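This one's a predicted model, so the numbers in the text were calculated from it and none came from an experiment.
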Amino acid sequence: MKKVSLLVKALGLGTLISAGAYAQYNPKASYEGPTKMNTWSLSIHGGPTQFYGDLREYDYYPVGLNNFDSASERGSYFIGLALGKQLSHLFGLQLGGSYGTLRGMKRRQYFSYFRGEYIQADLTGSVNLKSLLFGVNKMKHWKIDAYTGVGLLTFKSTAYELGTGRVRRYTGNPGDGVVRDASYRNTLSIPIGLGIHYELSPRFDLGLDVRYNKTGSEQLDATIGGNSSSVFDASGSRGSLTATEIKRGNSNLDGYGYVAAMLTYKLGKRAIRVQKVNGKYEYDTTLGTYHLRWTDPKSLIKPPVILTLEQIDSVAKANRPKDIDPRLLTDSDNDGVSDYFDRQPNTPAGSIVSGSGEAIDFDKYVSAALPGVACAEIFTNVQFDTDKNIIKPEFYDMLNKVVELMNKTQCRLQLAGHADRRASDRYNIALSRRRVEAVRQYLIRAGLNDPSRIVVDYFGSFKPIGDTSRPGLTKNRRVELRLVP
């Protein structure tokens with residue numbers, strides 16, 4: 001059985017090699033793989049939204065009346081954009097963004113209704129169920145996608161009392177008893193949906209998108225539900241709030257869904273779609289480029305042709321690469337520039353070189369910009385007291401010269417923050433970051449023209465230059481300054 005399996009694999013590999021060689025030899029063959037197909041698309045979709053959570057009167061039917069004990073749950077909507085990338089005929093990715101509103105109410109227990117809005121960004125992966133289950137040639141111009149993924153939801157909502165319209169709860173409530181405007185909150189969401197599309201033309205698809213978004217928050221309706229909830233009574237529509245704390249019960253996380261119409265524009269050059277000729281779908285890549293959403297690349301592969309030895313030899317000669325200069329693969333002095341381009345292939349170890357491999361004399365560079373000033377005078381370490389990130393006055397003059405030098409040149413400045421070992425690694429990393437940020441802010445306040453030329457690093461206590469004695473610990477509490485070409 002193993003021999004048979006190996007024989008089958010060898011035959012399959014030989015067929016692919018023959019097909020590839022034929023595609024290169026035959027000038028009429030225009031398909032050489034999936035990269036020759038259009039894969040990007042842009043969609044716009046929109047429609048009504050439906051909230052699912054605590055402030056929801058019925059499970060399936062939205063209330064549409066406004067009166068003393070009812071607030072309409074209809075009228076919420078969304079609109080969104082999605083950029084699609086088809087990875088294969090069966091699988092694709094979509095990066096989407098949408099804005100929408102939500103509504104809901106509940107008479108029992110809460111006697112409240114809410115109004116909210118949200119912005120969501122999500123990344124989803126889709127599978128082409130139609131081709132997977134029925135094949136690529138049945139329902140040729142129809143596409144059914146199931147998808148799921150992960151999203152970031154930013155929302156804000158306010159809950160009101162039925163009948164009076166007084167504010168009862170809102171997102172971002174600090175709990176100090178004062179009514180404010182609702183503020184945005186963030187949570188993760190998991191979109192799950194089904195899309196049905198029809199290929200109208202080579203450029204446009206029309207579809208129906210049905211989605212449910214499960215969120216990671218129970219405050220999408222500004223209400224924590226369950227057997228009971230925290231209720232706020234307001235003395236006026238904008239009066240102060242008095243909180244009545246009630247033990248929270250068990251409640252599921254909130255969610256929302258929608259049914260949307262979707263219009264998709266297929267990007268790419270010379271877009272075409274497959275046509276039926278004499279009852280059979282015919283693919284002709286000379287007419288244009290098919291889209292991977294609707295066309296399986298296997299349908300475009302021409303039947304294999306057995307080439308003669310002369311044809312194989314001509315293909316091999318035509319595709320033989322040029323010999324590579326060995327100097328491109330060597331770097332004798334380890335300065336990051338290959339010997340082929342290196343004007344100084346023997347620079348000392350640790351030298352800072354230009355793009356052509358020439359060592360840079362920073363002393364000469366500094367003295368040209370600041371006459372009479374040596375490089376070592378303005379690029380010493382800035383030291384700090386224990387557990388501090390305050391720059392000492394003794395370093396002001398040196399940092400001011402750094403600013404003057406940076407404003408007269410086009411060099412970059414690398415700042416590296418460090419700390420001693422007398423704390424945890426996590427704390428030292430944060431402390432070294434604060435120290436390097438303090439130096440960066442000082443340079444900006446001192447008049448640095450282009451702060452984007454500052455490169456920052458922070459290493460905590462992982463790169464000490466002193467021992468554990470008091471003088472050694474003092475050396476380690478530092479920010480190093482280094483001029484970079």
Side-chain angles (χ1 to χ4, degrees), residues 121 152 186 188 331 334-337 347-355 359-363 365-366 369-370 373-485:
L152 177 62
N186 299 323
L188 292 177
D331 182 9
N334 244 352
D335 61 355
V337 180
T347 52
S351 299
I352 299 177
V353 299
S354 65
I360 299 176
D361 187 353
F362 279 109
D363 284 324
Y365 197 76
V366 171
L370 302 177
V373 179
C375 182
E377 294 181 30
I378 62 173
F379 288 100
T380 59
N381 296 340
V382 178
Q383 295 180 336
F384 295 85
D385 291 333
T386 301
D387 198 24
K388 301 292 185 182
N389 61 313
I390 300 174
I391 301 175
K392 300 177 182 179
E394 61 194 80
F395 297 104
Y396 290 170
D397 183 60
M398 183 266 288
L399 293 176
N400 291 335
K401 290 181 179 178
V402 171
V403 172
E404 185 178 358
L405 174 64
M406 293 289 291
N407 287 340
K408 291 183 177 181
T409 67
Q410 294 299 317
C411 285
R412 293 178 296 159
L413 180 66
Q414 185 177 29
L415 304 178
H418 304 270
D420 59 38
R421 290 289 304 171
R422 294 180 297 173
S424 66
D425 291 339
R426 177 178 293 183
Y427 185 84
N428 284 334
I429 288 290
L431 177 60
S432 63
R433 181 176 184 176
R434 293 196 299 271
R435 285 171 174 170
V436 78
E437 186 62 25
V439 174
R440 178 179 176 274
Q441 291 298 325
Y442 181 91
L443 296 174
I444 295 174
R445 290 194 298 269
L448 182 62
N449 292 337
D450 186 6
S452 66
R453 288 190 281 131
I454 298 179
V455 181
V456 298
D457 291 304
Y458 36 91
F459 303 98
S461 58
F462 291 107
K463 291 189 177 183
I465 59 174
D467 53 24
T468 56
S469 64
R470 178 170 294 182
L473 295 176
T474 300
K475 292 180 180 179
N476 293 336
R477 300 189 297 268
R478 71 197 188 279
V479 169
E480 298 176 348
L481 288 82
R482 184 181 182 188
L483 198 62
V484 182

Would you indicate whether the side-chain heavy atoms of [Y] and [X] approach each other to under 4.5 Å?
X      : Y      : answer
Asn428 : Phe462 : no
Arg477 : Asp385 : no
Leu448 : Ile454 : yes
Ile465 : Arg478 : yes
Leu415 : Val382 : no

Electrostatic pair [X]:[Y] at N-O distance under 4.0 angstrom:
X      : Y      : result
Arg482 : Glu480 : no
Arg440 : Glu437 : yes
Glu404 : Lys408 : yes

Can you name the nearest heavy-atom pair linking [X] to [Y], along with the distance?
X      : Y      : answer
Leu431 : Ala419 : CD2-CB, 4.2 Å
Gly447 : Val403 : C-CG1, 3.8 Å
Asn449 : Asn407 : N-OD1, 2.9 Å
Asp425 : Ser461 : OD1-OG, 4.1 Å
Ile429 : Gly460 : CD1-N, 3.6 Å

Considering residues, nucleotides and ligands other than [X], do more than 12 of their heavy atoms fall under 6.0 Å from its [atom1]?
X      : atom1 : answer
Arg434 : CZ    : yes
Arg445 : CZ    : yes
Lys392 : NZ    : yes

Subject >> Separation of Asn381 CG from Thr474 OG1 (nearest 0.5 Å) >> reply: 12.5 Å
Original post:
Measuring from Asp450:CG to Met406:CE, what's the distance to the nearest 0.5 Å?
Top reply: 7.5 Å
**OP:** Take Leu481 and Leu399 through the test side chain to side chain contact (heavy atoms under 4.5 Å, CB included) and record every step on the way to the result.
**Re:** CA-CA 10 Å; Leu481 288 82; Leu399 293 176; 3.9 Å; yes
Original post:
Which ring-ring contact (aromatic ring centres under 6.0 Å, His included) pairs, counting each pair once, include a residue from residues 384-403, with sequence neighbours left out?
Top reply: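 Sorted result for residues 384-403: Tyr396-Tyr442.
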Judged by atom type as modelled, is there a donor-acceptor pair below 3.5 Å linking the side chain of [X] to the main-chain atoms of [Y]?
X      : Y      : result
Ser432 : His418 : no
Asn389 : Ala438 : no
Arg453 : Cys411 : yes
Arg435 : Arg433 : no
Asp457 : Ala416 : no
Asp420 : Arg422 : yes

**OP:** List the steps, then state whether side chain to side chain contact (heavy atoms under 4.5 Å, CB included) holds for Glu394 with Gln383.
**Re:** CA-CA 10 Å; Glu394 61 194 80; Gln383 295 180 336; 5.9 Å; no
